[in-house]
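Take a look at the structure below.
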Amino acid sequence: MDERVTAGTRQAVHDYIDSAERRDWVRFGALLDDAVVYEMPQTRERIRGKAAYLRFNQEYPGDWHLTARRVVADGRWAAAWIDARVGAEHQDACAWFEFSEAGLITRVTDFWPDPYEPPAAREHLVERW
């Protein structure tokens with residue numbers, strides 16, 4: 001795989017998170033393919049197209065903030081571990097990205113896991129933090 005493609009993909013994901021955090025919607029939109037698809041499996045929601053996805057982010061409620069904890073890229077695919085905060089509330093998210101040959105984001109799949117208590121009877125195997 002061409003390391004330049006991988007490096008560009010990795011940088012684009014960092015730019016995506018940073019431009020969303022800064023509410024720089026022009027920069028954010030420049031990273032997206034016109035036919036981008038955004039999906040959230042937990043809620044089974046899908047948004048199609050750059051205009052709708054930009055509006056979704058612009059209108060998202062609350063004083064939210066995003067930080068990239070880790071970005072891993074391989075060619076035209078990447079994954080990001082994202083630290084998301086709304087006020088004092090924190091949540092980890094994982095987003096998967098697919099890119100076009102032109103280097104634009106064509107698909108984002110966002111996983112927003114909610115914390116929960118583990119099942120009983122495995123305390124001897126795990127460490128809680």
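Since this is a predicted model, take the numbers as computed values, not measurements.
A side-chain donor from one of W81 and D92 sits under 3.5 Å from a side-chain acceptor of the other.
The backbone N or O of A20 sits nowhere less than 3.5 Å from a side-chain atom of D24 that would complete a donor-acceptor pair. Under the 3.5 Å distance criterion, the side-chain polar atoms of K50 are left unmatched by any main-chain donor or acceptor of V36. Panel note: side chain T106, backbone D33; no donor-acceptor pair is recorded below 3.5 Å.
The side-chain heavy atoms of H90 and D83, taken from C-beta on, include a pair separated by under 4.5 Å. The closest side-chain heavy-atom distance from I17 to I82 is below 4.5 Å. Residues L31 and S19 form a side-chain contact, since some pair of their non-hydrogen atoms from C-beta on lies under 4.5 Å apart. In this structure the side chain of Y38 reaches within 4.5 angstrom of the side chain of F56, judged on heavy atoms. L54 places a side-chain heavy atom less than 4.5 Å from the side chain of F28.
Hydrophobic clustering of Ile, Leu, Val, Met, Phe, Trp and Tyr side chains at less than 4.5 Å, counting indirect connections, unites M40 with V86. In terms of hydrophobic clustering, with Ile, Leu, Val, Met, Phe, Trp and Tyr side chains grouped at heavy-atom distances under 4.5 Å, L66 and I47 are assigned to a common cluster.
Across all their heavy atoms, P113 and A93 have their closest contact at CD-CA, 4.3 Å. When all heavy atoms of T6 and A73 are compared, the closest pair comes out as CG2-O, 3.4 Å.
Rounding to the nearest 0.5 Å gives a distance of 6.0 Å between CD1 of I105 and OH of Y16. We find the CZ-NE2 distance between R85 and H65 to be 10.5 Å, quoted to the nearest 0.5 Å. The line from CD of E101 to CZ of R76 is 5.0 Å long, rounded to the nearest 0.5 Å.
Counting heavy-atom neighbours within 6.0 Å of Q42 CD, excluding the residue itself, gives a total above 12. Other residues, nucleotides and ligands place more than 12 heavy atoms under 6.0 Å from the CZ atom of R27. Few gaps surround CZ on R69; more than 12 heavy atoms of other groups in view lie less than 6.0 Å from it.
Chaining together hydrophobic side chains whose heavy atoms lie under 4.5 Å apart leaves V72 on its own. F111 belongs to a hydrophobic cluster with W96, counting contacts under 4.5 Å between side-chain heavy atoms of Ile, Leu, Val, Met, Phe, Trp and Tyr, direct or through other members.
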Could you tabulate the donor-acceptor pairs under 3.5 Å formed by side-chain atoms of residues 7-14, not counting sequence neighbours?
{"unit_1": "T9", "atom_1": "OG1", "unit_2": "V5", "atom_2": "O", "d": "3.0"}
{"unit_1": "T9", "atom_1": "OG1", "unit_2": "G75", "atom_2": "O", "d": "2.6"}
{"unit_1": "Q11", "atom_1": "NE2", "unit_2": "D15", "atom_2": "OD1", "d": "2.8"}

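Remark: R23 is positioned above the aromatic ring of W64, its terminal NZ or CZ atom under 6.0 angstrom from the ring centre and at most 45 degrees off the axis.
Salt-bridge formation is detected for the pair E39/R107: a Lys NZ or Arg NE/NH1/NH2 atom is positioned less than 4.0 Å from an Asp or Glu carboxylate oxygen.
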